[in-house]
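Before we start, here is the structure in question, set down as structure tokens.
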Amino acid sequence: MIPLVVLGLTSSPLVTALVALSQQLGTVLFAIPIGTWVETKNKVRIASSCHFLYGIGIFMFTFLLATQNVNVVIIASLLFVMGLLALISRTAFTSMIPAIAGRENLLKAHTNIEAADAIATVIGPALGGILLAKTGSVLTLLICGILSLLSALLIGFIRNKEGFIKKKERKLPLQARRGKGGDESPIHKRLLWSVSTVQH
């Protein structure tokens, strides 16, 4: 979307290509360090925060565009930062899938994500182009920023399946956890089986 706006501002395919390249530069330089760093962090919080900051970046670009204070260097710098945020968000989202869906549903989860990504790849640019042509760049970018903030909010509601099972187990009363004579109750056995399934 933003490269199309840049093309409309500069009318230069070369400048547009360089600006688009700046958005992918972070992926080339920092993909491995970011993956290592994300692995030890709260992935839901990271993904949500990155979507929020990405939306803020879009609003900043929209403001500069509306006030006509934008130039190629500012656009390239902003897109570089936004590219890093998108990379961190994608990495966190991909690595959180086993904990969310459960390892027994991992294949189905990845299949659904790939299908959704394919649909978005086909429909997204077409919708963006139509919206850009009908409403203009400022309003289009405002909509993109709002959608990014909405994504941040929705990601914040993601629940870790394994953590939820353990939390639910801790909340069970003692009688439900263990039956008479110290034997495990059926509820406790089912919870243990579920946790074991997720872990293996």
Side-chain angles (χ1 to χ4, degrees), residues 1-7 9-10 12-65 69-101 103 106-107 109-122 124-125 128 137 140-160 162-163:
M1 177 61 65
I2 294 179
L4 290 176
V5 175
V6 174
L7 182 61
L9 289 174
T10 63
S12 172
L14 178 60
V15 173
T16 303
L18 292 175
V19 168
L21 180 62
S22 68
Q23 192 172 14
Q24 304 301 324
L25 189 60
T27 302
V28 177
L29 296 177
F30 301 108
I32 295 177
I34 285 175
T36 305
W37 177 75
V38 167
E39 187 63 30
T40 60
K41 305 298 180 181
N42 186 318
K43 300 170 184 61
V44 174
R45 188 177 301 167
I46 289 176
S48 180
S49 300
C50 287
H51 271 274
F52 177 79
L53 294 175
Y54 192 90
I56 297 299
I58 293 178
F59 285 132
M60 289 175 60
F61 180 70
T62 305
F63 175 77
L64 294 173
L65 187 63
N69 291 323
V70 66
N71 58 53
V72 175
V73 176
I74 294 176
I75 295 175
S77 302
L78 189 58
L79 285 185
F80 176 75
V81 175
M82 292 170 65
L84 282 178
L85 291 172
L87 173 63
I88 296 171
S89 178
R90 287 196 307 270
T91 304
F93 182 78
T94 302
S95 59
M96 76 171 73
I97 292 174
I100 296 171
R103 298 188 183 277
L106 199 55
L107 178 61
H110 278 290
T111 302
N112 291 336
I113 290 173
E114 289 298 325
D117 186 61
I119 294 172
T121 302
V122 172
S137 56
T140 301
L141 289 173
L142 280 175
I143 294 174
C144 290
I146 292 171
L147 290 176
S148 184
L149 296 181
L150 181 62
S151 297
L153 179 64
L154 293 177
I155 290 174
F157 288 110
I158 291 178
R159 186 168 54 194
N160 184 307
E162 184 175 349

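Residues: numbered from 1 along the sequence shown.
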> Do T62 and I58 come within less than 4.5 Å of each other through their side chains, counting heavy atoms only?
Replying inline: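 Result yes, sub-4.5 Å side-chain heavy-atom pair found.
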
> Taking atom CG of L85 and atom CZ of F80, what is their separation to the nearest 0.5 Å?
Replying inline: 10.5 Å

>> Consider side-chain contact (heavy atoms from CB on, under 4.5 Å). Of S148, C144, S151, which one does Y54 pass it with?
In response: S148

>> Listing request: all side-chain hydrogen bond (donor to acceptor under 3.5 Å, both in side chains) pairs with a residue in residues 83-97, at least two apart in sequence or in separate chains.
In response: H51-S89

> Less than 4.5 Å apart, any side-chain heavy atom of V44 and any of F157?
Replying inline: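 The answer is no; the side chains never approach within 4.5 Å.
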
>> Looking at every non-hydrogen atom in both residues, tell me the closest pair between L84 and F30 and how far apart they are.
In response: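 Where L84 meets F30 most closely, the heavy atoms are CD2-CD1, 3.5 Å.
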
>> Between S49 and R45 (side chain of the first, backbone of the second, donor and acceptor by atom type, cut-off under 3.5 Å), is there such a pair?
In response: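 Judged by distance alone, yes, a pair lies under 3.5 Å.
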
>> So I75 and L64, do their side chains get closer than 4.5 Å, heavy atoms only?
In response: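 SC-SC contact between L64 and I75 ruled out.
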
> What do the steps show when you test F59 against L141 for side-chain contact (heavy atoms from CB on, under 4.5 Å), and what is the final call?
Replying inline: CA-CA 7 Å; F59 285 132; L141 289 173; over 6 Å; no

> Any idea which heavy atoms bring I46 and A92 closest together, and the distance?
Replying inline: CG2-CB, 4.1 Å

>> Show the nearest heavy-atom pair for residues S48 and A152, with the distance to one decimal.
In response: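 Looking at all heavy atoms of both residues, the closest pair is OG-O, 2.7 Å.
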
> To the nearest 0.5 Å, how far apart are CG in L53 and CG in L149?
Replying inline: 10.0 Å

> Any idea which heavy atoms bring M96 and K43 closest together, and the distance?
Replying inline: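 Reported closest heavy-atom pair: CE-O, 3.4 Å.
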
> Nearest heavy-atom pair of G57 and L78: which atoms, and what distance?
Replying inline: O-CD2, 3.6 Å

> What's the shortest heavy-atom distance between I88 and C50, and which atoms?
Replying inline: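 Reported closest heavy-atom pair: CG2-SG, 3.4 Å.
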
> If you measure from CG on L147 to CG on L142, what distance do you get to the nearest 0.5 Å?
Replying inline: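 Interatomic distance, L147 CG to L142 CG, rounded to 0.5 Å: 11.0 Å.
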
